[in-house]
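Could you have a look at this structure, given as C-alpha cells, before my questions?
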Number of protein chains: 2
Amino acid sequence: MSLHLSAFGKLSEAERNLIETVLKKRVRVLPARYDVVREGDESRVVHVVLDGWAQRYKQLADGRRQILTFFVAGDLCDPNVFVPRTMDHSISTITPVRLAEIPKPDFREMIQASPNIAQALWWISLVTVAIQREWTTSIGQRTAYERIAHLFCEMFVRLRTVGLTQGAACDFPLTQSDIAEATGLTQVHVNRTIQEMRRDGLVELRHRQLVLPDLDRLMSVALFSASYLHLDHIDKPMLA
Amino acid sequence: MSLHLSAFGKLSEAERNLIETVLKKRVRVLPARYDVVREGDESRVVHVVLDGWAQRYKQLADGRRQILTFFVAGDLCDPNVFVPRTMDHSISTITPVRLAEIPKPDFREMIQASPNIAQALWWISLVTVAIQREWTTSIGQRTAYERIAHLFCEMFVRLRTVGLTQGAACDFPLTQSDIAEATGLTQVHVNRTIQEMRRDGLVELRHRQLVLPDLDRLMSVALFSASYLHLDHIDKPMLA
DNA sequence: ATGCAGCATTTACATGCGTTAATGCACGCT
DNA sequence: AGCGTGCATTAACGCATGTAAATGCTGCAT
C-alpha cells in the first residue's frame, strides 16, 4: 500500500506481526459519508484505512470545500504521531470503511521498539506531502481535462500497488461531485470533461467502475509521472 | 521562525547551541534566481535558509511551472532527513540567499542526541504539509483576489513570526510573475488584481516593499485563518 | 548620458469554466 | 408497481481569467 507502514523498507517477520497486531486491536466499521475527525478536533489516535475509500478535506468559512486527498486500503491518514495538534482539516469516509484506530502512545511504543518502523513512518510522511504537492501543481497548472486524467492515473496506480485493480479496471466510488471538489472544478464541468474523455476512448466510467483502456496514453495526456509516489523501495503489497 | 528547528518546543541552552553550531558549519551564499537542487537530484544535505527568500517549485514536462511554497529566513527546506530520496521538485533562490547545508548524517546525529530536536523536526514536517494543503485549497477554491490576498497574509504572518516585519510593512521581493506562478494565475491577471486591491486600500506594493494597512480586513477578505501555521507552541523567534 | 534589461502596466480580444436550473436515469424502499 | 432520492446529463448564458502584444518605467552597467 502506498501509505502502508508495512510497505516500506525491509521489515522483519516480527515487525510485521507487531504492526498487524496493533492494527487489529481497535477496528471500527463506519458507514459511507461519515465524519471521522473534524477540523478543530484534537488528534488522539492514528487512523489507518483497512477497507473502502475515505478523504481528507478542508472547508472555507463560507462553505467552499476542497478535497485534499483520497485514502484507500492501507493508507495511514495522519502521520503526525509525535505532535499533539488540533486538526487543521477534516477526514470523512466516502464508502463504508473498515478503519483501524491506533492510540498515539501505542504507536510511539511500536516506533521505539523498531527503528525500521520509525523509518517507515518517515516514508509515509514523505509520500503524503509529495502527493499534496502534486495536487497543488495539478490544480494550479493543468487544464480540467488534464486534472481529471491525472487524478484517474494517480488513483489507478495507487490501487494497483495494493492489488485493487483487475486488468485495466478498478472500483471507483467517487461521484462526479467528489471529483469536482478534488480538482477545483464544478460538477457540471467534470461531467462535460469526462464525456470528452469517453469520446476520446481514454476512460470508461459507470456504476462506480473505472476502466482505463490505454493507461499509457492517459498518463501522457495527464502529464503524469509516477515518480512523486516514490513507489520504488516499496515492499510487496500487504493488506491487513 | 515558522520552520526553524529552534522555534519549537522548549529546547535547552545546550540544544540551541548544538543547532547553531551545525547551522554555521557549512554556509553558502547564493545569487538570486539560482537553482539549489533540481528535480531528480539525490538529496544528500538538508538546507536551511538563513537569509533571503527561496522557493520550492515543480515543472511539468511542457514547461508549465508551479511554485509550491516560499522559504524565508529560518525555514528548513527539506525535512526528509531519514529517507534517501531523489527530489520530486526543485528549490531555487529568489533573492540572494545565505544558506546552511547540513549533511544528513550530521543531522541524524543531532537528532539522536536530542529527542527534543527530533520532535522539532516532526513539527516542521507537520507545518510544511499543512501549508501545502492550504495552498491546494487556495488554488482550488479561492478567487484570484482571495488567493493573492491569502498569500500576502501568509507571508506577512510568517515574516512577523521571525521579526522581519516593520509595523504593517515588510520586504517582499516577489515579482508579479512569481505571484502568478504561485497562485496558478497569469502575470497579467495578477497585475489587474493587485491594482484592485490597491484601490480597495488593502495593499501597497512597490519597490519590493509590501504594506498591509488593514491586516484584519485583508485576512477576512482572504478567508485567512492562521491556525494551519500552528504558530502557538512556537518559542521566541531566533535567527541564526 | 545612453541603453539595455527586467518588471509593471495597459489594451483588445478570446475562451474555459462557472452558474442556474431543468430533465433524465437507476436503484432501493415500501 | 410506484415513488423518492441521489447522481448524471443537458442547455443557455455569463464572467473570471487567459492570450498576445505593445508601451512604460526604473535602475544599473558602461
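Labels below follow one simple rule: chain letters A, B, ... track the order of the sequence lines, proteins then strands, and each chain is numbered from 1.
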Report summary line: From CG of Leu185(A) across to P of dA8(D) the rounded distance in Å is 15 Å
Query raised in the report: Donor-acceptor pair under 3.5 Å: do we get one between Arg192(A)'s side chain and the base of dG16(C)?
Result: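 In this structure, the two groups form no donor-acceptor pair.
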Requested in this report: Specify the separation, in whole Å, of atom CD of Glu146(B) and atom C1' of dA16(D).
Outcome: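 Atom CD in Glu146(B) sits about 12 Å away from atom C1' in dA16(D).
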Query raised in the report: Between dG18(D), dT9(D), dA21(D), which one does the side chain of Gln187(A) approach most closely?
Result: dT9(D)
Report task. Select base, sugar-phosphate, or nothing to describe what Arg198(A) touches, counting heavy atoms under 4.0 Å on all strands. Result -> sugar-phosphate
Query raised in the report: Gln209(A) CD to dA26(C) C1': how many Å, rounded?
Result: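 It is 17 Å, rounded to the nearest whole Å.
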Query - Nucleotide dT15(C), atom C1' - distance to NE2 of His189(A) in whole Å - result: 11 Å
**Report entry** Value in whole Å for how far the P atom of dG6(C) lies from CD1 of Ile179(B)
**Finding:**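 In whole Å, dG6(C) P lies 19 Å from Ile179(B) CD1.
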Query raised in the report: If you check every side-chain atom of Thr175(B), which of dA8(C), dC17(C), dT10(D) has the closest atom?
Result: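 So the side chain of Thr175(B) is nearest to dA8(C).
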**Report entry** Close side-chain approach of Met197(A) to Val221(A), heavy-atom, < 4.5 Å
**Finding:**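 A side-chain contact is absent here, since even the closest heavy-atom pair is not under 4.5 Å.
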Query raised in the report: Do Glu101(A) and His47(A) have side-chain heavy atoms sitting under 4.5 Å apart?
Result: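 Answer yes - side chains close enough.
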Query raised in the report: Taking the nucleotide of DNA chain C with the closest heavy atom to each, which residue, His207(A) or Arg142(A), is nearer the 5' end?
Result: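 Of the two residues, Arg142(A) wins.
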Query raised in the report: Do the side-chain N or O atoms of Asn191(A) get closer than 4.0 angstrom to the phosphate oxygens (OP1, OP2) of dT9(D)?
Result: yes
Query raised in the report: Which atoms form the tightest heavy-atom contact between Ile67(B) and Tyr57(B), and what is the distance?
Result: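 For Ile67(B) versus Tyr57(B), the nearest heavy atoms are CA-CB, 3.9 Å.
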Query raised in the report: To the nearest Å, how far apart are Ile94(A) CD1 and dC7(D) C1'?
Result: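 One finds 15 Å between C1' of dC7(D) and CD1 of Ile94(A), rounded.
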Report task. Starting from P on dT9(D), measure out to CD on Glu196(A) and report it in whole angstrom. Result ->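 From Glu196(A) CD to dT9(D) P: 14 Å.
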Query raised in the report: So what does Thr143(B) touch, heavy atoms closer than 4.0 Å: a base, only the sugar-phosphate, or nothing?
Result: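 Thr143(B): backbone/sugar contact only, no base atoms under 4.0 Å.
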Query - Asp75(B) and Arg158(B) ion-paired at < 4.0 Å - result: yes
Query raised in the report: So, is Arg208(A) close to the dA26(C) phosphate, meaning a side-chain N or O under 4.0 Å from OP1 or OP2?
Result: no
Query raised in the report: Under 4.0 angstrom, heavy atoms only, what part of the nucleic acid is Thr186(B) near: base, sugar-phosphate, or nothing?
Result: base
Report summary line: From the list Phe70(B), Tyr145(B), Phe172(B), ring pair (Phe, Tyr, Trp, His ring centres under 6.0 Å) partner of Phe152(B) resolves to Phe172(B)
Report task. Please work out if Ile194(A) contacts a base, only the sugar-phosphate, or nothing of the nucleic acid, heavy-atom cut-off 4.0 Å. Result ->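 No contact.
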Query raised in the report: Just how far, in rounded Å, is C1' of dA8(C) from CZ of Phe172(B)?
Result: 15 Å
Query raised in the report: dT10(C) phosphate, OP1 or OP2: any side-chain N/O from Gln195(B) under 4.0 angstrom?
Result: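 Answer yes for this pair, as a side-chain N or O of Gln195(B) is under 4.0 Å from OP1 or OP2.
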Query raised in the report: Under 4.0 Å between a side-chain N or O of Gln176(A) and OP1 or OP2 of dT9(D)?
Result: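 For dT9(D), OP1/OP2 do have a side-chain N/O of Gln176(A) under 4.0 Å.
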